[in-house]
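The figures here come from the full heavy-atom set of this structure, side chains too, leaving out hydrogens, waters and symmetry mates. None of the values given here were measured: they were computed from a predicted structure.
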Amino acid sequence: MGFPLLSVIIFTPVVGAAVLMFLRGDDAMRWTALSFTILDLALCIAMLVGFDTTTHAMQFTETRSWVPALGINYALGIDGISALFVFLTALLGSICVLASWVAIDRKVKEFMICLLFMQALMLGVFCALDLFLFYVFWEAMLIPMYLIIGVWGGEGRVYAAIKFFLYTLAGSLLFLIGVVVLYFYGGRTFDILALTEQDLPFRIQSWLFFAFLIAFAVKVPMVPLHTWLPDAHVQAPTAGSIILAGVLLKMGAYGFLRFSLPMLPEASMYYSTLMLALSVLAIVYGGLLALAQDDLKKLVAYSSISHMGFVTLGIFSLNLRGLEGGILQMFNHGVTTGALFLFVGLIYERTHTRSIADYGGLMKVAPVYTTFLALFTLSSMALPGTNSFVGELLVLSGGFAANMVAGSAAVLGALLGAAYLLGMYGKIALGPAGVGARLTMSDVNAREMAAILPLAVFVLWVGLYPKPFLNVIDASVKHLLTHVHSRGSGP
């Protein structure tokens with residue numbers, strides 16, 4: 001009908017941030033931020049309801065001339081690859097506000113404004129169809145995330161924020177160089193769809209592939225560019241950790257899907273074995289690091305490195321099962337790991353410690369908390385009946401089809417995941433009873449349940465009936481694979 005739905009989705013949080021500037025009172029700030037994030041979520045649900053799953057074409061497209069002299073347009077659109085992540089971003093935005101209700105008790109207005117701007121920029125990344133516009137959203141995300149970590153983080157927040165900023169900025173500069181090269185070799189256009197139709201020489205594709213690889217690997221993060229992640233997670237407030245794990249880590253994998261595979265198909269196929277090896281390294285190494293942690297937040301952070309390794313393994317398997325599994329696992333990881341960071345935040349607010357050794361016997365004093373923690377722990381382990389099982393099964397199936405050694409090594413990572421997750425849950429919920437404040441720790445309240453329940457619903461929904469989610473991505477994935485294999489069979 002010509003309604004600019006995606007623009008409304010992107011700029012609704014910005015309007016909310018503008019409204020916050022004129023309000024007073026912390027409770028008014030919290031309720032206003034929550035209202036605008038829920039409104040944004042409702043718009044995203046409407047977008048999914050109207051999404052046509054039978055076509056790979058971009059939908060809800062908008063195009064306006066922005067900088068005509070350089071061919072830069074304000075161009076938006078989504079396909080099956082980006083639709084789920086637009087929804088996930090809006091869902092986690094509401095949960096972040098709820099998670100910060102009590103945890104953030106100073107500079108509440110400024111925090112909520114940063115949170116809303118962050119949500120708008122992340123939504124812009126998934127919707128942009130102009131490469132220059134994409135880069136603006138991609139780079140601007142650094143600012144609110146830097147502030148969220150550096151202002152409202154823990155004792156080492158300044159170091160963690162600077163490290164996060166420098167790592168991601170270095171990757172972004174390489175990405176910018178790649179954008180400029182693409183512009184000149186791709187027909188002097190920033191149109192992402194037009195650039196995917198260019199037949200670039202293999203030499204240029206190879207150079208761009210590694211420039212993009214470093215930029216996206218920092219965001220994923222892939223080993224050895226992962227060292228910023230544990231510091232950022234440990235120092236960030238709960239909402240910051242949820243955003244990092246739930247959405248920001250997906251940006252790197254999304255970059256592979258939107259740029260590396262369609263624009264550099266020959267290089268993507270040529271270097272796929274290297275990418276499978278790096279993915280397996282992340283799976284196993286991340287699992288071993290998580291196994292050695294006593295800090296609950298660090299354990300979940302290192303588990304993210306391992307789980308995102310499954311995502312890149314699926315993507316560079318370059319077959320239907322692997323690619324669909326990788327995309328679905330991106331969504332699942334946002335739900336499950338976002339929930340685990342929420343649970344870490346809830347228990348830290350009550351006990352002011354993240355050491356697993358300090359807990360024990362929480363099943364007796366907080367049965368609701370530990371019951372839902374068990375659900376998300378089993379989901380992270382990819383137990384049958386949970387969301388991660390479907391995604392991980394598809395990834396392993398695609399991985400074995402692409403490379404037997406890589407698939408076999410990934411199974412080891414799955415076993416490590418079971419070891420550190422079951423060990424963590426056993427010590428926290430079922431171990432010897434804790435002492436002091438932990439014996440009188442209160443269970444989750446209604447506000448916290450409002451944040452937990454939507455995530456629990458998706459764990460079970462995707463786990464028991466994944467068809468609607470796979471239907472969303474199926475047409476776009478098949479089109480992408482056809483494009484890569486038809487264009488990527490060069491020397």
Side-chain angles (χ1 to χ4, degrees), residues 1-14 37 39-64 66 73-93 118-138 141 190-197 246-248 250-263 311 315 323-324 326-332 334-335 458 462 468-481 483:
M1 300 295 292
F3 180 72
L5 179 60
L6 295 183
S7 287
V8 174
I9 287 174
I10 292 171
F11 288 103
T12 292
V14 177
T37 53
L39 173 60
D40 212 29
L41 177 60
L43 291 167
C44 289
I45 293 172
M47 175 269 294
L48 282 179
V49 170
F51 187 82
D52 183 359
T53 60
T54 63
T55 177
H56 68 270
M58 291 292 172
Q59 303 179 44
F60 307 105
T61 55
E62 305 171 34
T63 304
R64 300 287 185 275
W66 187 11
N73 296 308
Y74 173 80
L76 303 175
I78 59 168
D79 61 357
I81 293 173
S82 53
L84 288 180
F85 304 122
V86 172
F87 170 76
L88 177 65
T89 302
L91 174 66
L92 293 180
M118 188 75 196
Q119 179 166 328
L121 295 169
M122 293 187 298
L123 289 167
V125 165
F126 291 123
C127 295
L129 290 184
D130 183 275
L131 191 51
F132 184 86
L133 179 65
F134 177 93
Y135 184 79
V136 170
F137 284 129
W138 173 279
M141 285 190 306
F190 288 105
D191 186 330
I192 289 176
L193 298 182
L195 288 169
T196 61
E197 299 303 321
V247 184
L248 248 66
K250 311 302 173 292
M251 300 294 181
Y254 180 75
F256 289 129
L257 293 165
R258 185 61 77 209
F259 300 106
S260 298
L261 265 60
M263 295 182 187
V311 169
I315 290 173
L323 198 52
E324 288 196 344
I327 295 172
L328 184 62
Q329 200 64 352
M330 288 166 67
F331 179 82
N332 292 336
V335 170
F458 282 104
V462 179
F469 302 87
L470 292 172
N471 283 346
V472 171
I473 65 178
D474 186 60
S476 295
V477 169
K478 287 178 178 176
H479 174 75
L480 176 59
L481 278 175
H483 175 83

Colleague: Minimum heavy-atom separation for Asp191 and Asp130, please, with both atom names.
Modeller: N-OD2, 4.4 Å
Colleague: Specify the closest pair of heavy atoms between Leu92 and Gly246, including all atoms of both residues, with the distance to one decimal.
Modeller: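 Distance-wise, the nearest heavy atoms are CD1-CA, 3.5 Å.
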Colleague: How many angstroms lie between atom SG of Cys127 and atom CD1 of Ile9, to the nearest 0.5 angstrom?
Modeller: 6.5 Å
Colleague: To the nearest 0.5 Å, what is the distance between CG (Leu261) and CD1 (Ile81)?
Modeller: 8.5 Å
Colleague: Starting from the C-alpha separation in whole Å, work towards a yes-or-no answer on ring-ring contact (aromatic ring centres under 6.0 Å, His included) for Phe259 and Phe134.
Modeller: CA-CA 11 Å; Phe259 300 106; Phe134 177 93; 4.8 Å; yes
Colleague: Apply the test side-chain contact (heavy atoms from CB on, under 4.5 Å) to residues Phe11 and Leu123: give CA-CA distance (whole Å), side-chain angles for both, the deciding distance (0.1 Å), then the verdict.
Modeller: CA-CA 9 Å; Phe11 288 103; Leu123 289 167; over 6 Å; no
Colleague: Below 4.5 Å, heavy atoms only, C-beta onward: do Met118 and Leu248 meet side chain to side chain?
Modeller: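 Side chain of Met118 against side chain of Leu248, heavy atoms only: contact under 4.5 Å found.
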Colleague: Please determine whether side-chain contact (heavy atoms from CB on, under 4.5 Å) holds for the pair Met263 and Ile192, giving the CA-CA distance in whole Å, both sets of side-chain angles, and the decisive distance to 0.1 Å.
Modeller: CA-CA 9 Å; Met263 295 182 187; Ile192 289 176; 3.7 Å; yes
Colleague: Under 4.5 Å between any side-chain heavy atoms of Val247 and Val125, yes or no?
Modeller: no
Colleague: Are a donor atom and an acceptor atom from the side chains of Thr37 and Asp40 found within less than 3.5 Å of each other?
Modeller: no
Colleague: Is the backbone of Leu470 close enough, under 3.5 Å, to the side chain of Asp474 for a donor and an acceptor to pair up by distance?
Modeller: no
Colleague: Measure from the side-chain N and O atoms of Ser82 to the backbone N and O of Asp79, and report whether any donor-acceptor pair falls under 3.5 Å.
Modeller: yes
Colleague: How long is the span from the CG atom in Leu41 to the OG1 atom in Thr89, to the nearest 0.5 Å?
Modeller: 11.0 Å
Colleague: For the CG atom of Leu48 and the CZ atom of Phe469, what is their distance to the nearest 0.5 Å?
Modeller: 9.0 Å
Colleague: Ignoring hydrogens, what is the shortest heavy-atom contact between Gly80 and Ile473? Give both atom names and the distance.
Modeller: O-CG2, 3.2 Å
Colleague: Give the C-alpha distance, both sets of side-chain angles, the deciding distance and a yes or no for side-chain contact (heavy atoms from CB on, under 4.5 Å) between Asn73 and Leu133.
Modeller: CA-CA 8 Å; Asn73 296 308; Leu133 179 65; over 6 Å; no
Colleague: Could you tell me which non-hydrogen atom of Gln59 sits nearest to which non-hydrogen atom of Gly50, and how far apart they are?
Modeller: OE1-O, 4.2 Å
Colleague: Sequence neighbours excluded, which residues qualify as ring pair (Phe, Tyr, Trp, His ring centres under 6.0 Å) partners of Phe87?
Modeller: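 For Phe87 the ring pair (Phe, Tyr, Trp, His ring centres under 6.0 Å) partners, ignoring immediate neighbours, are Phe458.
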Colleague: Kindly give the heavy-atom pair with the smallest separation between Leu76 and Ser7, and that separation in Å.
Modeller: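 The answer is CD1-OG, 3.4 Å.
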Colleague: Any idea which heavy atoms bring Val14 and Ile10 closest together, and the distance?
Modeller: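 Here Val14 and Ile10 meet closest at CG2-O, 4.2 Å.
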Colleague: Does the pair Phe190 and Tyr135 meet the rule for a side-chain contact (heavy atoms from CB on, under 4.5 Å), with working shown?
Modeller: CA-CA 10 Å; Phe190 288 105; Tyr135 184 79; over 6 Å; no
Colleague: Output all residues satisfying ring pair (Phe, Tyr, Trp, His ring centres under 6.0 Å) with Phe60, sequence neighbours left out; order by chain, then residue number.
Modeller: none
Colleague: Within this structure, what is the CG-CE distance for the pair Leu88 and Met122, rounded to the nearest 0.5 Å?
Modeller: 9.0 Å
Colleague: To the nearest 0.5 Å, what is the distance between OG1 (Thr55) and NE2 (His479)?
Modeller: 9.0 Å
